[in-house]
Every structure is written in C-alpha cells, then in structure tokens.
Number of protein chains: 2
Amino acid sequence: MGQRITTAQPSPVKITCNHCSLSNLCLPLALDDNDVNRLEDIVQQGQTFNRGALVFEQQAPFKSCFVVRSGAVKTSVITENGEEQVTGFFLPGEIVGLDSMSDDIYSCTAKALEYTSVCELPFSQLEHLATHIPTLQHHFFQLMSQEIKNSQQLSLLLSKNSAEERIASLLLSLSSRFKRRRLSPTHFNLPMSRSDIANYLGLAVETVSRVITRFQSQGLIKAQGREIQLLDIEALQAVTREFSKCRPT
Amino acid sequence: MGQRITTAQPSPVKITCNHCSLSNLCLPLALDDNDVNRLEDIVQQGQTFNRGALVFEQQAPFKSCFVVRSGAVKTSVITENGEEQVTGFFLPGEIVGLDSMSDDIYSCTAKALEYTSVCELPFSQLEHLATHIPTLQHHFFQLMSQEIKNSQQLSLLLSKNSAEERIASLLLSLSSRFKRRRLSPTHFNLPMSRSDIANYLGLAVETVSRVITRFQSQGLIKAQGREIQLLDIEALQAVTREFSKCRPT
DNA sequence: CGCAATCTTGAACACCCTCAAGCATGGTGG
DNA sequence: CCACCATGCTTGAGGGTGTTCAAGATTGCG
C-alpha cells in the first residue's frame with residue numbers, strides 16, 4: 001500500500017504557537033499568553049509526513065495526540081475481518097488521537113493523505129499540564145466532547161440518510177471546515193480518494209461516483225477528479241434535509 | 001408520549017460511593033479512599049425517574065453528567081427534520097451526558113426506559129475537583145475517549161454490517177455489559193422496545209422483528225417479547241463476523 | 001509512451017424498506 | 001373481572017435503493 005517513508009526532521013525555525021497561523025483554531029485559542037508558553041514547551045513541532053506515510057499505527061503504544069498543521073490525515077481501523085474502515089478525516093487545526101486515550105495503544109491508524117505537517121502533543125505531559133491550567137483541561141474536555149458529538153453525527157448520517165444525503169453532507173462539512181481555515185469554501189481539492197469517501201460513508205465506490213456525476217448534471221457542483229466546486233450550496237443543504245420532503249404536510 | 005412525572009426525592013439513607021454496589025464499575029474504581037470522599041461531597045445521589053421520565057432534555061442548560069445506578073437510560077437527538085435518532089443505551093455504572101460538555105446545552109435527551117436511579121455529577125464542581133485529583137482527570141479522559149471509540153464502533157456497525165450482524169452485535173454488547181454488572185449474560189430483559197432498537201441500528205422495526213424471529217428459528221436465541229435468552233453465544237459471535245465468509249480464502 | 005491505479009458507466013440482483021393487515025400485550029374503566 | 005382500546009410486535013407481499021460484477025475511460029507517474 002502507501003509508502004511508509006517518514007521525514008521527522010524538526011523544521012529549522014521554531015514558530016511559536018502564538019504566531020502560528022492556526023492560533024485561532026488550535027489550543028492557544030483558549031489560553032492566555034503565559035499559558036501558551038508553557039504549552040509550547042511540551043509541543044513538538046515540525047514533523048512532516050509524505051503522502052501515504054503513517055503518523056501512527058493501530059496497536060502501537062499510545063504516546064501522543066497530533067494537531068494537523070497543514071495537509072490532511074485519514075484515520076482508519078482494521079476490523080476483525082481484516083477490512084479497513086475509515087473513521088475520520090482531519091484538516092489543519094484538528095486533533096488526531098483523542099480516541100486512543102483510554103488504552104495504552106492507538107485504536108486506529110493515522111495516515112497522511114498528502115504532504116502533511118503536524119504538532120505532537122505528548123499525552124502524559126499534556127495531562128500533567130492540564131492539572132495546572134484549568135482552562136486547558138476545560139478545553140480538552142470540550143474537544144473530546146465535540147469528538148463524541150461528531151461521531152454521533154456520523155452514525156446518524158449512516159443510519160438514516162441516503163447516499164445523496166451522505167455525500168452532500170460530507171461536501172458541506174469539508175466546505176465549512178475549509179472556510180474556517182480561511183480557504184475557499186466553494187472551490188477546493190478533496191484530499192481523499194473516492195474509495196476513502198465510499199468507505200467512510202458506508203457506500204460502494206460506484207455509488208459515490210454516480211452521485212457525484214448526478215450532482216454535477218443537476219448543476220449543484222462541478223467535479224473534475226479531486227477538484228471540487230460547489231455551485232449551489234443552498235441546494236446541497238436542501239439535499240441533506242431531503243427526506244423530510246416525503247411527509248406531505 | 002412518555003409521562004414526565006419525576007420523583008426527585010433523595011433516598012433516606014445516603015450510601016457512600018465506597019459501599020455502592022457499583023464501586024468497581026463507576027468512578028471510585030480509579031480513586032483512593034480519601035479522594036472518593038471528596039468525590040462524594042459533590043455527587044448528588046438518590047434521584048429516581050419513572051419509566052418515560054426525562055433525566056434531561058435536549059437544548060436545556062447543561063449542568064451535570066449522570067451515572068446510572070439502576071434501571072436503564074436511552075439518549076436520543078431530534079434532527080432538523082423532526083425525526084428522533086436514538087444515540088445510545090446506558091446501563092448501571094455507565095455515564096450519560098459526556099457528549100454535552102462542549103456546549104452550554106444538552107446535545108441530546110436522556111429518558112428513563114424503566115424505573116431508574118442515578119447519581120448526579122455537577123460538571124463545574126467535577127471539573128474543579130479534577131484539577132486537584134489527577135487520577136480523576138485521567139479517568140475522565142479515559143471515559144470520554146472510550147465514548148468516542150464506542151461511537152466509532154457504532155458507525156462501523158452501521159456502515160458495513162447487515163441487519164443480522166447489527167442485531168447480533170447489540171445482543172452481545174448487552175450481554176457483556178450485563179455480565180460486568182454481575183447479571184446473567186445469557187438471560188435478560190431488554191430495557192428498550194423493538195422500535196428503539198430499530199432506530200438505534202438504522203433499521204425498520206419490521207426488520208428487527210424478522211431477524212429476531214430468524215435467530216429464534218435457528219436456535220440462536222429464545223425471545224418472548226422483551227425477555228431474551230442467548231442459547232448459542234458462539235454462533236451469534238460468528239454472525240457478527242459473517243461477512244468475512246464472502247471471501248473464499 | 002505505457003502501465004497501474006483510480007474513476008466512471010452499465011446491467012442484474014439482493015437486501016431491506018414500505019405498506020398493509022393480523023396478532024399479542026397490558027393498562028383502564030365500567 | 002373482563003371487555004376494551006392503545007400500543008407494541010409479528011408476518012406477508014411488492015418495490016426501490018444501493019451493491020455486485022464487469023468492462024471501459026481517465027489520470028498520473030515512471
């Protein structure tokens with residue numbers, strides 16, 4: 001499968017968290033200057049991963065969570081049947097590894113979908129710091145709670161919604177996350193393959209392809225490989241709520 | 001819908017967490033005696049709820065998490081379409097409300113499925129205590145991480161598995177949770193309706209009914225309304241891994 | 001330029017849903 | 001105490017959405 005070549009050289013210049021372009025998305029968001037400095041002391045910056053490289057692997061000893069700084073990461077688990085199940089996609093400013101804190105091993109594999117840089121948060125040090133900085137603890141509780149909610153949202157999507165609704169939801173989710181990152185919410189490149197999308201959404205690759213084609217012929221989007229333009233966001237939002245249309249009233 | 005009569009009278013005798021029958025499942029599990037006493041000071045025991053009563057309601061101000069002491073609780077969210085989506089079932093020793101900590105309001109509704117008693121954990125006090133008791137903080141990180149994992153597990157079930165696999169998985173999950181609670185893992189009453197099961201597993205009620213009937217005729221279980229006996233656990237486990245059978249090798 | 005991987009398109013089938021009706025169950029009031 | 005009704009559960013028939021299988025088109029990279 002993917003190449004496992006990992007370049008783990010620290011970047012020459014250490015950027016402070018305060019001056020990081022993600023400071024309004026990431027942990028500093030919740031901290032004052034003094035506390036950010038203490039956080040900086042434990043954060044390991046500058047690790048980078050080529051496309052296909054593993055940030056961490058399922059079953060390996062759990063050591064750290066990772067904040068995506070640039071690029072994109074996919075998490076997946078290998079089931080008892082040997083099948084891969086994609087559990088999430090992580091964009092800059094988002095934290096990977098929160099699901100592995102209840103065990104001594106990573107509960108999933110995290111793979112870079114493109115050239116990606118991360119900040120490493122060694123968990124035991126982070127935990128120690130959190131007891132001294134209540135707002136950091138509070139922020140982490142919030143992050144984890146949000147992660148539970150996200151995962152519930154996915155379950156909801158999978159259990160109740162049609163293929164079209166699932167794909168429209170994913171596109172809109174990516175759109176709003178790019179927007180937060182100050183990137184275009186209407187014109188972006190998908191970091192993941194059709195196959196990853198299908199796996200994540202519980203669909204066959206063929207279905208993903210068909211739905212994207214259909215959206216395109218309806219004028220909702222323009223898709224050229226991984227390059228996506230959202231042409232009619234309101235219509236896409238309508239698709240995600242489509243099945244209320246069934247009820248007459 | 002369900003009656004909302006809530007009896008919130010504290011139980012006459014305050015049982016200490018140390019002497020609670022759940023002390024090996026619940027929070028004291030991770031704490032020493034001294035810390036358990038500090039925990040006890042903030043825990044509000046003895047609230048009870050009749051069948052159908054709401055422990056808390058979606059959108060209400062978030063104040064506390066709740067540990068189920070006896071009975072069972074169902075959580076659900078109302079979607080934009082006005083549909084109900086069941087997000088979880090909680091048995092004694094399990095904590096409800098971890099998904100609401102990232103907001104000021106409850107992100108779901110928690111309803112008692114039968115006569116239920118709970119312990120209330122006021123969140124702000126709990127958070128404060130956690131900064132003073134590192135093992136408590138650690139334990140909460142673990143609980144929340146586990147909750148993320150559980151929810152991912154559900155997504156996996158919903159996205160990849162057939163109706164039979166989903167239902168077998170639920171039965172086995174309940175079985176092992178009853179077992180942990182020192183109840184029979186092979187003979188129990190379902191606290192929830194077929195309709196709740198169907199909703200939770202993303203199936204139609206009819207499908208749930210049919211699969212249970214099929215399991216019965218195959219001699220895997222015996223079902224009489226909500227009374228369930230698991231007759232062949234190994235065969236049920238085989239069902240949950242059924243689809244690896246597709247691959248020849 | 002050519003091969004491999006990814007993506008698209010088509011046709012047939014399977015699983016599960018919907019609709020519809022019949023059957024238990026249990027709580028309520030006469 | 002039993003009839004009654006509401007609710008929940010079961011069973012059957014038909015149809016739709018998405019899967020599977022198969023083949024062709026496109027892309028990307030050596």
Side-chain angles (χ1 to χ4, degrees), chain A residues 1-3 5 50-52 74 83-84 86 113-115 157-168 189-217 221-228 239 242-243 245-248, chain B residues 1-3 5 50-52 74 83-84 86 113-115 157-168 189-217 221-228 239 242-243 245-248:
Chain A
M1 282 290 155
Q3 46 188 0
I5 305 145
N50 286 323
R51 182 161 188 260
K74 156 186 111 172
E83 312 262 335
E84 180 184 22
V86 176
L113 288 170
E114 51 194 61
Y115 181 78
L157 199 63
L158 295 171
S159 77
K160 291 257 186 305
N161 295 20
S162 70
E164 295 201 348
E165 290 161 346
R166 296 182 205 182
I167 292 172
N189 282 311
L190 294 175
M192 73 295 278
S193 68
R194 299 283 191 275
S195 159
D196 286 334
I197 294 176
N199 188 310
Y200 178 66
L201 295 177
L203 299 169
V205 188
E206 294 91 328
T207 305
V208 173
S209 196
R210 270 183 259 269
V211 169
I212 287 180
T213 304
R214 208 176 309 154
F215 281 170
Q216 201 161 194
S217 69
I221 67 173
K222 188 167 186 315
Q224 171 114 322
R226 294 191 176 188
E227 189 186 348
I228 298 283
V239 170
E242 190 70 357
F243 78 156
K245 241 180 52 183
C246 308
R247 314 214 161 265
Chain B
M1 284 292 156
Q3 48 188 0
I5 305 146
N50 286 323
R51 181 161 189 261
K74 156 186 113 173
E83 312 262 334
E84 179 185 23
V86 176
L113 288 169
E114 50 194 62
Y115 181 78
L157 199 64
L158 295 172
S159 77
K160 291 257 187 307
N161 295 19
S162 69
E164 294 201 350
E165 290 161 347
R166 295 183 206 181
I167 291 171
N189 282 311
L190 295 175
M192 73 295 278
S193 67
R194 299 283 191 274
S195 160
D196 286 335
I197 294 176
N199 189 309
Y200 178 65
L201 295 177
L203 300 169
V205 189
E206 295 92 330
T207 304
V208 173
S209 196
R210 271 184 258 270
V211 169
I212 287 180
T213 305
R214 209 177 307 154
F215 281 170
Q216 202 161 194
S217 68
I221 67 173
K222 188 166 184 317
Q224 171 114 322
R226 294 190 176 189
E227 190 186 347
I228 299 283
V239 169
E242 190 69 358
F243 77 156
K245 241 181 49 183
C246 307
R247 312 212 162 265

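In what follows, chains carry the letters A, B, and so on, assigned in the order in which the sequence lines appear, proteins first and then strands, with residues in each chain numbered from 1. Just so you know, these numbers use all the heavy atoms, side chains as well, and skip hydrogens, waters and symmetry mates.
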Colleague: What's A/Thr207 touching, base or sugar-phosphate or nothing? Going by heavy atoms closer than 4.0 Å.
Modeller: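 If one applies the 4.0 Å heavy-atom cut-off, A/Thr207 turns out to touch a base.
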Colleague: Determine, step by step, whether A/Leu201 and A/Val208 satisfy the side chain to side chain contact (heavy atoms under 4.5 Å, CB included) criterion, reporting the C-alpha distance in whole Å, the side-chain angles of both residues, the deciding distance to 0.1 Å, and the verdict.
Modeller: CA-CA 9 Å; A/Leu201 295 177; A/Val208 173; 5.6 Å; no
Colleague: In terms of side-chain heavy atoms of A/Ala204, which of C/dC7, D/dT19, C/dC16 is nearest?
Modeller: D/dT19
Colleague: Send over the distance from A/Arg166 CZ to D/dT19 P, rounded to a whole Å.
Modeller: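 About 8 Å, once rounded to whole Å.
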Colleague: Figure out the CG/C1' separation between A/Leu201 and D/dG18, and round it to whole Å.
Modeller: 14 Å
Colleague: Rounding to an integer number of Å, can you tell me how far B/Ile197 CD1 sits from D/dG8 C1'?
Modeller: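 That distance rounds to 12 Å.
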Colleague: Find the distance A/Asn50:CG to D/dC29:P and express it as a whole number of Å.
Modeller: 13 Å
Colleague: Please tell me which of the listed nucleotides, D/dT20, C/dA20, C/dC16, lies nearest to the side chain of B/Glu206?
Modeller: C/dA20
Colleague: Tell me which of A/Gly225 and A/Arg214 sits closer to the 5' end of DNA chain D, going by the nucleotide each one is nearest to.
Modeller: A/Arg214
Colleague: Please tell me which of the listed nucleotides, C/dT8, D/dT10, D/dG18, lies nearest to the side chain of A/Thr213?
Modeller: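 Out of C/dT8, D/dT10, D/dG18, the nucleotide with an atom closest to A/Thr213's side chain is C/dT8.
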Colleague: Give the rounded distance in Å between these two atoms: CE of B/Met192 and C1' of D/dC9.
Modeller: 16 Å
Colleague: Would you sort out whether B/Ile212 and B/Arg194 count as a side chain to side chain contact (heavy atoms under 4.5 Å, CB included), showing the intermediate values?
Modeller: CA-CA 10 Å; B/Ile212 287 180; B/Arg194 299 283 191 274; 3.7 Å; yes
Colleague: How is B/Ile212 classified with respect to the nucleic acid when contacts are heavy atoms under 4.0 Å: base, sugar-phosphate, or nothing?
Modeller: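 The answer is nothing, as B/Ile212 stays clear of every strand by at least 4.0 Å.
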Colleague: What is the distance from CD of A/Glu227 to C1' of C/dC7, rounded to the nearest Å?
Modeller: 16 Å
Colleague: Please determine if B/Glu83 and A/Lys160 form a salt bridge, counting it only when a charged side-chain N lies under 4.0 Å from a carboxylate O.
Modeller: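 No, this pair does not count.
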Colleague: For the side chain of B/Arg210, counting heavy atoms from C-beta on, which of C/dT18, C/dC7, C/dT9 is nearest?
Modeller: C/dT18
Colleague: To the nearest 0.5 Å, how far apart are CG in A/Leu203 and CD in A/Glu164?
Modeller: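 Answer rounded to 0.5 Å: 11.0 Å.
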Colleague: B/Leu203 has an atom CG; how far is it from atom P of C/dT18, in whole Å?
Modeller: 11 Å
Colleague: Would B/Glu114 and B/Arg226 count as a salt bridge (charged side-chain N to carboxylate O under 4.0 Å, His left out) if you check the C-alpha gap in whole Å, the side-chain angles of each, and the deciding distance to 0.1 Å?
Modeller: CA-CA 13 Å; B/Glu114 50 194 62; B/Arg226 294 190 176 189; over 6 Å; no
Colleague: Nearest whole angstrom, please: distance from the C1' of C/dT6 to the CD of A/Gln224.
Modeller: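 Distance, rounded to whole Å: 14 Å.
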Colleague: How is A/Ser209 classified with respect to the nucleic acid when contacts are heavy atoms under 4.0 Å: base, sugar-phosphate, or nothing?
Modeller: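 Result for A/Ser209 = base.
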